[in-house]
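Single-structure report; data block below.
Predicted model, so just to flag it, every value in this text is computed and none were measured.
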Amino acid sequence: MAGSPLRAELPRMVSNLVTLYDSHALRSDRLVGREWYPTAHQIVCEWAHTYERSIANVSCVIASISPQCDWPRNLIIADETLQGHNAPSIGGALPANLRKAQRVRDERLSTLIDVFPGGPKVNSFAANLAGDYSIVTVDAHALQAALDDVTSVRTLKWAAYAVVSAAYVQAAKRLQLQPAELQAIVWVTWKRLHPRADKNRIKRLAKFNNGRRS
């Protein structure tokens, strides 16, 4: 964590997250966020029983498919993968990640560190789905919320990821929430406050202004 340039931003990120929760998270945002991971975990447990697999293995299959795949499609493709199918009935999963999910299924892996060695987000998401809410899944929305910057599109390596994760852990402690619970509430709130169309408009404007200054 100390090796990341984001380290200096840690106090500001904690403050941003606490302010976002206190000042902008609606009651509905908090309710939906609190239930997101427990609901997902319940699905994992049901599939673990149905397909006679470990909770960790099912979580890893789902998480492997998740990058750039929306949640409803993620679940459909994961369910079909767990059934033994190699050709999903719908699109949405990246082909490389689908192959990784099949490997996780076939080898009954319970961790993704060897499958996604450079993917802290996917590893964290698998842990959250398995019921560990002390870990934070930092996606683009979570990063933007921490930085209070809708234009941020950074890909985080492990060191930088650890800093943003630490910001959520510290903010969650202040708010008496579990880290993953805060992340889910922030995710719901940030998406409501900043719809995709608005984000795209802001990014275009920022790109235009940067072009004028260069």
Measuring only between side-chain heavy atoms, which start at C-beta, is Val136 closer than 4.5 Å to Leu182? no
My understanding is that only residues two or more places apart in sequence, or in another chain, count here; which of them pass side-chain hydrogen bond (donor to acceptor under 3.5 Å, both in side chains) with Gln102? none
Quick one: side-chain contact (heavy atoms from CB on, under 4.5 Å) partners of Asn123, sequence neighbours excluded? Leu112, Ile113, Phe116, Trp158
Any donor-acceptor pair under 3.5 Å from Ser66 side chain to Ala63 backbone: yes
Joining Ile, Leu, Val, Met, Phe, Trp and Tyr whenever any side-chain heavy atoms lie under 4.5 Å apart, the cluster holding Val32 also takes in Trp187, Val188
Find out whether the Lys NZ or Arg CZ of Arg154 is both under 6.0 angstrom from the six-membered ring centre of Tyr161 and within 45° of the ring's axis. no
Could you report the tightest heavy-atom contact between Pro67 and Val122, atom names first, then the distance? CG-CG2, 3.7 Å
Taking Leu129 as the starting point, is it possible to reach Leu109 by hopping between hydrophobic residues whose side chains are less than 4.5 Å apart? yes
In one Ile/Leu/Val/Met/Phe/Trp/Tyr side-chain cluster, 4.5 Å: Val44, Leu82: yes
Of all residues at least two apart in sequence or in a different chain, which pass the salt bridge (charged side-chain N to carboxylate O under 4.0 Å, His left out) check with Arg192? Asp29
Would you say Leu17 ends up clustered with Tyr37 if hydrophobic residues are merged whenever their side chains have heavy atoms under 4.5 Å apart, either directly or through other cluster members? no
Would you say that Gln170 contacts Met13 through its side chain, given a criterion of any heavy-atom pair below 4.5 Å between the two side chains? no
Under the criterion side chain to side chain contact (heavy atoms under 4.5 Å, CB included), I'd like the reasoning laid out for Asp22 against Leu175: C-alpha separation, chi angles, the key distance, then a yes or no. CA-CA 9 Å; Asp22 283 339; Leu175 297 167; 3.6 Å; yes
Hphob cluster co-occupancy, Val115 + Val58, side-chain heavy atoms under 4.5 angstrom: yes
Contacts of Gln83 that satisfy side-chain contact (heavy atoms from CB on, under 4.5 Å) - sequence neighbours left out: Tyr51, Asp79, His85
Are the side chain of Ser64 and the backbone of Cys60 linked by a donor-acceptor contact shorter than 3.5 Å? yes
Report yes or no: does Asn74 contribute a side-chain atom to a donor-acceptor pair with the main-chain N or O of Ile62 at less than 3.5 Å? yes
So how far is it from Glu9 CD to Leu147 CG, rounded to the nearest 0.5 Å? 7.0 Å
For Glu181, give me all partners under side-chain hydrogen bond (donor to acceptor under 3.5 Å, both in side chains), at least two apart in sequence or on another chain. Arg34
Identify, with sequence neighbours excluded, every residue that meets salt bridge (charged side-chain N to carboxylate O under 4.0 Å, His left out) alongside Glu35. none
State whether the side chain of Arg108 and the backbone N or O of Ser54 hold a donor-acceptor pair below 3.5 Å, judged by distance alone. no
Cys45 side chain near Ile55 side chain, heavy-atom distance below 4.5 Å: yes
For the atom pair CG (Asn57) and CD (Glu107), what is the distance rounded to the nearest 0.5 Å? 10.5 Å
Which atom names give the shortest non-hydrogen contact between Val163 and Leu6, and what distance separates them? CG1-O, 3.6 Å
Holding to side-chain hydrogen bond (donor to acceptor under 3.5 Å, both in side chains), I want the full list of residues that pass it with Ser89, two or more places apart in sequence or in another chain. Glu80
Test log, rule side chain to side chain contact (heavy atoms under 4.5 Å, CB included), inputs Lys173 and Val14: CA-CA 10 Å; Lys173 185 175 182 179; Val14 174; over 6 Å; no
Cys69 and Ile77: which non-hydrogen atoms are nearest, and at how many Å? SG-CD1, 4.2 Å
Please list, chain by chain and in numerical order, all residues satisfying salt bridge (charged side-chain N to carboxylate O under 4.0 Å, His left out) with Asp70, sequence neighbours excluded. Arg73
Verify, without hydrogens or angle tests, whether Thr189 (side chain) and Ala25 (backbone) share a donor-acceptor contact under 3.5 angstrom. no
Tell me every residue that passes side-chain contact (heavy atoms from CB on, under 4.5 Å) with Asp114, counting only those two or more places apart in sequence or in another chain. Arg103
Any sub-3.5 Å donor-acceptor pair from Asn16's side-chain atoms to Ala146's backbone N or O? yes
Taking all heavy atoms of Ala171 and all of Val18, pick out the closest pair and write down the distance. CB-CG2, 3.9 Å
Atom of Tyr133, atom of His41 and distance for their closest heavy-atom approach: OH-CB, 3.6 Å
Which residues share a side-chain contact (heavy atoms from CB on, under 4.5 Å) with Ala142, sequence neighbours left out: Val138, Asp139, Tyr168, Gln183
Among Val150, Leu143, Ile185, the one residue meeting side chain to side chain contact (heavy atoms under 4.5 Å, CB included) with Trp190: Val150
Co-membership, hydrophobic cluster, residues Trp36 and Leu193, 4.5 Å side-chain: no
Salt bridge (charged side-chain N to carboxylate O under 4.0 Å, His left out) partners for Arg174, two or more places apart: none
Closest approach of Asp132 to Asn128 (non-hydrogen atoms, all atoms of both residues): O-ND2, 2.8 Å
